[in-house]
Amino acid sequence: MAGHTDNQIRIEAPFQLVWDITNDVPNWPNLFTEYAATEVVSEEGDTITFRLTMYPDDNGVSWSWVSERTRYLDEKRTHSHRIETGPFEYMNLDWYYEEVEGGIILRWVQDFHMKDTAPVDDEWMVNNINKNSKVQLQIIKDKIEKAYHSRRASENKTVSIHDCPQDHRRGGTIQTLLSPRTVGSTSGFMGGATLAPGEAIAEHYHPYSEEFVFCIRGELEADVDDKVVPVPAGTAILVPKETRHRLRNVGTEEVFAVFHLGPLAPRPELGHVDTETREEAAAVTAKILAAREKQS
């Protein structure tokens, strides 16, 4: 008796990207969730010999073995076999890349036979491989499709706010979308600011840039030098360069505003000068709101 498994998944990405990512053996620990390390033993032409080490199993054992893998680009397939077979009499694995409309079907076919001395038999291993292959194929699909969409976004100069890191250092939530780093802009950068009721962005100024702020949602208020300027939803404000300004939410719902700064400072660290801390801005805002509530 011998073991045989056949699993596949559809990946919505171009063939070359799928091929390149899945054949980058040294990077497999970042592609699979079961491999702790990959060590390349040798590489000659389209054949690579490497050691794979798995994460410890439930018994604390870290399985490791050496395999040889050959790429056949013209045939859109690879063939691998274990050199250090461990509990297997033999283990062969073929990957097939079938181009279909809108993507690739990645198929894994494994043929093997367990040694008589192995702790499990072929049937057990078939069930284990089938279960694990479905998990790993889905993980690979998700990672490749994410890489593909990120690449397309970069090429199209688009950035989603849902993919942007959040900056809370100056109060509120600041997210930079379009910038020299993200899309290669040369004249300025833009992003979004989210403020909960009562939140404020600490006072600061920009030595080299004008700032354009457009409030899309909520009731925003700006301190520009010593002047208080209402900036409700649907309103925009220009803050000249070298002008101190603070932003705060004086309403009962979340504020969301878009900002743009230009031109760029000579270096990023020169573009922003803080004149108070986040905590100081929060204290100023709390005092203002308390006074207004008392007056009302």
Side-chain angles (χ1 to χ4, degrees), residues 157-296:
K157 306 298 185 185
T158 63
V159 178
S160 169
I161 195 168
H162 303 295
D163 297 329
C164 294
Q166 298 182 354
D167 185 349
H168 304 284
R169 291 173 297 173
R170 298 179 176 94
T173 301
I174 306 297
Q175 294 173 276
T176 300
L177 282 83
L178 308 179
S179 69
R181 182 181 61 82
T182 59
V183 295
S185 59
T186 59
S187 63
F189 67 93
M190 67 83 63
T194 305
L195 295 170
E199 269 195 317
I201 295 174
E203 186 186 80
H204 60 281
Y205 68 90
H206 307 287
Y208 298 92
S209 309
E210 295 178 319
E211 182 169 9
F212 305 80
V213 180
F214 176 44
C215 181
I216 295 176
R217 181 176 66 247
E219 191 175 350
L220 185 66
E221 189 173 81
D223 293 334
V224 182
D225 281 338
D226 296 320
K227 184 179 180 181
V228 178
V229 183
V231 191
T235 306
I237 183 173
L238 168 65
V239 180
K241 67 178 181 178
E242 299 183 331
T243 301
R244 293 180 293 107
H245 56 288
R246 178 192 301 114
L247 301 174
R248 59 176 166 266
N249 183 347
V250 295
T252 57
E253 64 173 298
E254 183 181 81
V255 160
F256 179 70
V258 172
F259 61 86
H260 170 78
L261 284 90
L264 294 170
R267 297 196 308 274
E269 65 270 20
L270 300 178
H272 188 111
V273 178
D274 291 311
T275 52
E276 69 179 357
T277 65
R278 177 180 60 184
E279 290 74 20
E280 289 170 338
V284 170
T285 296
K287 184 176 180 180
I288 292 172
L289 295 178
R292 291 179 183 175
E293 184 177 356
K294 186 175 181 180
Q295 290 175 357
S296 62

Scanning both residues in full, the closest heavy-atom pair of Ala202 with Ala281 reads CA-CB, 3.5 Å
Say whether, by atom type as modelled, one donor and one acceptor occur between the side chain of Glu221 and the main chain of Val250 under 3.5 angstrom.
no
Would you sort out whether Val229 and His245 count as a side chain to side chain contact (heavy atoms under 4.5 Å, CB included), showing the intermediate values?
CA-CA 10 Å; Val229 183; His245 56 288; over 6 Å; no
If every non-hydrogen atom of Val284 is compared with every non-hydrogen atom of Glu276, which pair is closest and at what distance?
CG2-OE1, 4.4 Å
Would you say that Thr194 contacts Phe256 through its side chain, given a criterion of any heavy-atom pair below 4.5 Å between the two side chains?
yes
Please assess Leu247 against Leu220 for the test side chain to side chain contact (heavy atoms under 4.5 Å, CB included), listing each intermediate value before the final yes or no.
CA-CA 7 Å; Leu247 301 174; Leu220 185 66; 4.1 Å; yes
Where is the tightest heavy-atom contact between Cys164 and Gln175, given as atom of each residue plus distance?
O-NE2, 3.2 Å
Roughly how far, to the nearest 0.5 Å, is the CD1 atom of Ile174 from the CZ atom of Phe259?
5.5 Å
Donor-acceptor pair, Asn249 side chain versus Glu199 backbone, under 3.5 Å?
no
Taking only distance into account, with no hydrogens and no angle test, what donor-acceptor pairs under 3.5 Å do side-chain atoms of residues 263-271 form with protein atoms, sequence neighbours excluded?
from   : atom 1 : to     : atom 2 : distance (Å)
Arg267 : NE     : Glu269 : OE2    : 2.6

Taking atom types as modelled and ignoring hydrogens, do the side chains of Gln166 and Thr173 form a donor-acceptor contact shorter than 3.5 angstrom?
no
Which atom names give the shortest non-hydrogen contact between Asp167 and Arg170, and what distance separates them?
OD2-NH1, 4.2 Å
Is there a side-chain contact between Ile288 and Val228 (heavy atoms, below 4.5 Å)?
no
Value for OG1 (Thr285) from NZ (Lys287), rounded to nearest 0.5 Å, stands at 12.0 Å
State the CG-OG distance between Leu261 and Ser209, to the nearest 0.5 angstrom.
5.0 Å
Might you point out which heavy atoms bring Val273 and Pro207 nearest each other, and give the distance in Å?
CG2-CG, 3.8 Å
Going by the angle between their ring planes, with limits at 30° and 60°, are His204 and His272 parallel, tilted or perpendicular?
parallel
Tell me the closest heavy-atom pair linking Ala222 and Ile237, and the distance in Å.
CB-CD1, 4.2 Å
Taking side chain as C-beta onward, heavy atoms only, is Arg248 less than 4.5 Å from Leu289?
no
Working to the nearest 0.5 Å, report the span between CG of Leu177 and CG of Asp163.
9.0 Å
Begin with the C-alpha distance, continue with both residues' side-chain angles, and end with the deciding distance and a verdict on side chain to side chain contact (heavy atoms under 4.5 Å, CB included) for Cys215 and Val231.
CA-CA 7 Å; Cys215 181; Val231 191; 4.1 Å; yes
Above 12 or not: heavy atoms from other molecules or residues under 6.0 Å from CZ of Arg169?
no
Quick one: does Thr176's side chain get under 4.5 Å of Thr182's, heavy atoms only?
no
Rounded to the nearest 0.5 Å, what separates atom CZ in Arg217 from atom CD in Glu254?
5.0 Å
Carboxylate-amine/guanidinium contact Arg244 Asp223, below 4.0 Å
no
Within a radius of less than 6.0 Å around CD of Glu279, do more than 12 heavy atoms belonging to other residues, nucleotides or ligands occur?
yes
Just how far is it from atom CZ of Arg246 to atom CD of Glu203, taken to the nearest 0.5 Å?
5.0 Å
